[in-house]
Amino acid sequence: MHNLGHTRSVYRRDHLLLTPDTFVRAPLPGMVKATAVVHVAPATGAKFMHYTAEMEEGGCLGVQVGQRFLFVLQGSVNVEGHVLETGGYAYLPSAEHPVVGLSAARVAVIEKPYVALRGKERPGVFVGAEPDVAPKALGGDEWLEVRALLPDDTAFDFAVNTMTYQPGASLPMVEVHVMEHGLLMLEGGGVYRLGDYWYPTQAGDFIWMASYCPQWFCAVGKAPAKYLIYKDWNRHPLGV
Ligand code: UGY
Ligand code: MN
């Protein structure tokens, strides 16, 4: 359906909203029986890459640049002998960790060059399952749960969380901060403020927020809204 040239997707200087009708698939180098939708990359000014890999059974991800974080959206994959089902995730510090589809699978992948911290060892492989992570109420608001998927350890130079909003729950303030975000809407939907614009958003949408992009979200509907969100973390803004 061409929809007469209409889409909710939009690209502005400090944010990007990508809706599934505009996703373009192309394999990345080294992928076997797999393809990728690259949601954000340094071409926009982002300092990381966030893509969705669509894998066939027996397919594998390709060349890994820097660190890799993956979150299984559908199906199952094998990483280092760990079977990751939907909601399973892994942090892979280097290229030596093949990711193989045990079934047809969709996987959210984040890649980023590692920024070292003086006196800290690089993190090793870390594997988990999102449902096993204890939620924290954001600012004491029980209607907004945050699950931190990576350990609270400054060896990690980024964080990936899920945020679950009960219908009507919202961020308590408009945030404006130095960190950038990559966000994949997993369930439900609502209204996202980005800069001076308010966008209807729903499961399947991707959002990139540049540093200092004003941001706010309110869940709308009869079911919770949930998203997976990346941010650079634990490092000095001057990069020292
Ligand atoms: O972690 C965060 O900065 C998060 N509260 N931002 C967001 O949900 N847009
Ligand atoms: Mn934020």
Side-chain angles (χ1 to χ4, degrees), residues 8-19 39-40 44-50 52 67 69 71 73 87 89 91 108 110 112 115 126 128 130 133-221 223-237:
R8 289 184 297 112
S9 284
V10 61
Y11 175 36
R12 299 188 196 276
R13 185 196 62 78
D14 64 354
H15 64 269
L16 170 68
L17 167 64
L18 283 179
T19 60
H39 300 307
V40 75
T44 63
K47 292 185 266 328
F48 67 105
M49 185 175 167
H50 198 144
T52 297
Q67 323 163 79
F69 177 91
F71 182 92
L73 301 166
Y89 62 90
Y91 168 83
I110 295 161
K112 175 187 182 301
V115 179
F126 184 82
E130 195 261 353
V133 178
K136 285 203 177 116
L138 187 78
D141 181 355
E142 303 290 341
W143 284 27
L144 207 184
E145 291 181 338
V146 182
R147 287 176 174 80
L149 304 187
L150 289 176
D152 182 15
D153 178 347
T154 55
F156 290 93
D157 69 352
F158 68 91
V160 184
N161 302 333
T162 60
M163 298 183 62
T164 307
Y165 296 72
Q166 293 306 311
S170 70
L171 279 178
M173 56 185 274
V174 178
E175 296 179 3
V176 183
H177 52 58
V178 67
M179 302 85 76
E180 58 178 338
H181 284 310
L183 180 161
L184 190 63
M185 192 67 68
L186 299 174
E187 293 170 22
V191 176
Y192 229 106
R193 176 186 171 168
L194 300 168
D196 292 337
Y197 301 87
W198 279 255
Y199 300 102
T201 48
Q202 63 188 32
D205 292 350
F206 176 84
I207 293 171
W208 168 63
M209 294 167 239
S211 299
Y212 296 106
C213 175
Q215 58 200 254
W216 176 85
F217 179 70
C218 181
V220 176
K226 178 172 181 175
Y227 54 71
L228 180 75
I229 184 164
Y230 157 94
K231 61 182 165 187
D232 47 303
W233 197 234
N234 284 329
R235 292 296 179 270
H236 196 288

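First listed ligand is number 1; within each ligand, the first listed atom is number 1. If you read the sequence from its start, that first residue is 1, and numbering goes on from there. The basis for the numbers below is simple: all heavy atoms, side chains too, and nothing from hydrogens, waters or symmetry mates.
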**Which atom of F206 lies closest to which atom of L183, heavy atoms considered** = CD1-O, 3.1 Å
**Item:** Test: R8 and D205 ion pair at under 4.0 Å
**Value:** yes
**Asked** Does the R235 side chain pair with the main chain of T154, one donor and one acceptor, at a distance under 3.5 Å?
**Response** yes
**Note, P214 side chain near D14 side chain (heavy atom, < 4.5 Å)** = yes
**Message:** Can you name the atoms of ligand 1, numbered from 1 with element, that are less than 4.0 Å from a heavy atom of K231?
**Reply:** 1 (O), 2 (C), 3 (O)
**Message:** Taking 4.0 Å as the limit for heavy-atom contacts, which would you say applies to Y227 with ligand 1: side chain only, backbone only, both, or neither?
**Reply:** side chain
**Request:** Identify which one of H50, E180, H15 satisfies the side chain to side chain donor-acceptor pair (under 3.5 Å) criterion when paired with W208.
**Result:** E180
**Item:** N161 vs K231, side chain to side chain contact (heavy atoms under 4.5 Å, CB included): CA-CA, chis, key distance, verdict
**Value:** CA-CA 9 Å; N161 302 333; K231 61 182 165 187; 4.2 Å; yes
**Request:** Give a rough value, rounded to 10 degrees, for the angle at the Mn ion (ligand 2) between atoms NE2 of H177 and OE1 of Q215.
**Result:** 90°
**Request:** Examine M209 and say whether one of its N/O/S atoms is closer to the Mn ion (ligand 2) than 2.8 Å.
**Result:** no
**Prompt:** So which heavy atom in the protein is nearest atom 4 (C) of ligand 1, and how far is it from that ligand atom?
**Reply:** E175 OE1, 3.5 Å
**K47 and D232 ion-paired at < 4.0 Å** = no
**Request:** Restricting to N/O/S, name the atom of E175 that gets closest to the Mn ion (ligand 2).
**Result:** OE1
**Asked** Hey, is W216 one of the residues with a heavy atom under 4.0 angstrom from ligand 1?
**Response** no
**Message:** Once you restrict to heavy atoms under 4.0 Å, what part of I229 touches ligand 1? Side chain, backbone, both or neither.
**Reply:** side chain
**Request:** May I ask you to list the atoms of ligand 1 that are less than 4.0 angstrom from any heavy atom of Y192?
**Result:** 7 (C), 8 (O), 9 (N)
